[in-house]
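Okay, so here's the structure we're looking at.
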Amino acid sequence: MKRTAYCGQITKEYHEEMITVTGWVQKRRDLGGMIFIDLRDREGIVQVVFNSNQNKEALEIAEKIRSEYVIAVKGTVVLREEGQINRELATGEIEIMAEEVEILSEAKTPAFEITDAVEVSDDLRLKYRYLDLRRPKMQENMKLRHQVKKVFRDFLDDEGFLDIETPYLTKSTPEGARDYLVPSRVNQGKFFALPQSPQLFKQLLMSSGYDRYYQIVRCFRDEDLRGDRQPEFTQVDIETSFTDKEDIQNTMENLLVRLVEEVKGITLKTPFPRLTYREAMERFGSDKPDLRFAMELVDLNEVAKDSTFKVFSSAVENGGMVKGLTVKGAAKQFSRKNIDALESIAKIYGAKGLAWMKMTDEGLTGPIAKFFSDEEAQSSLVETMDAEDGDLLLFVADNSTVVYDALGALRVHLGKELNLIDESQLAFAWIVEWPLLEYDEEAGRYNAAHHPFTKPVEADIEKLAAEPENVMADAYDIVLNGYEIGGGSIRIHQRALQEEMLSALGFSKEEAYSQFGFLLDALDYGFPPHGGIAFGLDRLVMILANENNIREVIAFPKNGKAMDPLTDAPSLVSNDQLIELGLELRDSKQTEED
């Protein structure tokens, strides 16, 4: 029997039609002389009725059917009686009276029920991912991912961008994260690297005259995992020549407006807000702020510098800062135990503690209130914090990195815990005016804030050698609901400036040429001004699907230990394979001794 319709698409318009459906048995109910089966495919569920009056042979076969059997059914679509209509199903007004049925495949009892309400460990879901992917929510997520990719392709095609592939086996270059290495059998002792991004290749394509390029591409980074990271991920990589950042931002806004309209039915307002990096950090403690709720960080340096509370005054005196959060109306909700839990979050980010007070109709109360008993000090603090009766006031005093990280994390935590976030909202924003370089105290050198090929803003180029810490990048990130979903910049297109940039990053001339010689040579042969952006596809789909982990929108992801419970990868390989590659494994003890 050949399928003529998807289960979930059969409506009352099919009334009295003879159709054939195929799929998996979701549920079977035997009422004696009549069997009801809920049949499921990727489009949904339809009820099939087996009746001895209709076809006795089909009923006998239906008696053998169990959950997750794959079957084909031929029958007539009939309307349900009014009292039997299921308003929760798209197909709830009809059912199929079976006339023929064929069991295409039997099934063991699955490791878990194929429903969205299933509550099992993530590793069990990943071990049986082929079962997990049958769940309606997962199938909707995969469809959404497909729709998002299609809109990207359609829009970029309309704008004249060419889809061009770049290599997966390439040279290891220092671009931030650890590379995944692939040993070469033909050239023993040498290694390919899997690309962290196609950054250098897309720049080379600009030099070749392909002035509008894109690629939906797999990238690989060997880094610690979290909810919005995977070792292999997909990005929409975009590059264009003879442009500036405003053109790129405007085009990308148009793309995102179309995307959200088509896949979510939401109309976005443009232009998107633009925040400088410094403004984002000072107001939200994050370079990827969630703008769906208020509760901004409050600068308390002026209040703190003359405070009798030494934790505050010492922080300012030593070049640090004091900032606070005013949690509106939350004083009664947070006991000492609750606040201790908040402090433990702050300590994850390096804070030595979390100072707090509550605003009551009698004034400030709490462990540090005595330091603000003076009427002038209290008035200044209350005014700066915009504190009202019933508010909880939280404070962190330390260097800027600790203060921003700790309060930024607390802000997001409180936004979720207090239900301050409108989950239906999509809050896009551009983060601009980034520092070009970041100083790594441990390594004693500068790192690129974005990547080594980002162009400094024109006015700061002359500072690169003498004042690298004061150079701004011609870069831009786009954020959505507290996640970075894309990052881009105008690139360096002149060899002298690229060499100067690599020098600022600590590369000698020889090291720079050894790592990036192919790019430096290409810059000698007429390289156009160019720039681009890359979107994290997995992360973007995760947000649009209202999920909290990108594993939910990737068909076959890795777990938190970068392992695949389904295939048991990574796994050991035979000694013969290692010999063929010229490799020998050593145990960790032997390596330490060496």
Is the distance between the ring centroids of Phe395 and Phe312 under 6.0 Å?
-> yes
Would you mind checking if Asp340 and Arg336 are paired as a salt bridge, meaning a charged N to carboxylate O distance below 4.0 Å?
-> yes
CD (Glu246) with more than 12 external heavy atoms under 6.0 Å | yes
Reference residue Phe155; test side-chain contact (heavy atoms from CB on, under 4.5 Å); the match among Leu259, Leu256, Asn254 | Asn254
Show the numbers, then the answer: is there a side chain to side chain contact (heavy atoms under 4.5 Å, CB included) between Met321 and Asp299?
-> CA-CA 8 Å; Met321 62 170 61; Asp299 186 352; 5.7 Å; no
Reference residue Leu544; test side-chain contact (heavy atoms from CB on, under 4.5 Å); the match among Asn546, Val541, Leu540 = Leu540
Before accepting this row, confirm whether a basic side-chain N of the pair Lys558/Asp564 lies closer than 4.0 Å to the acidic partner's carboxylate O.
-> no
Salt-bridge contact Arg145-Glu552 (side-chain N to carboxylate O under 4.0 Å) | no
Can a donor-acceptor pair be found between the side chains of Gln378 and Ser373 at a distance below 3.5 Å?
-> no
Please say whether more than 12 non-hydrogen atoms of neighbouring residues, nucleotides or ligands are located less than 6.0 Å from CD in Glu467.
-> yes
Does the pair Lys288/Asp477 count as a salt bridge with the N-to-O cut at 4.0 Å?
-> no
May I ask you to say whether Arg445 pairs ionically with Asp440, meaning some side-chain N is under 4.0 Å from a carboxylate O?
-> no
Flag this pair as yes if the NZ/CZ of Arg134 is under 6.0 angstrom from the six-membered ring centre of Tyr128 and inside a 45 degree cone about the axis; otherwise no.
-> no
Check step by step if side chain to side chain donor-acceptor pair (under 3.5 Å) holds for Trp356 and Glu343.
-> CA-CA 10 Å; Trp356 62 274; Glu343 183 175 50; over 6 Å; no
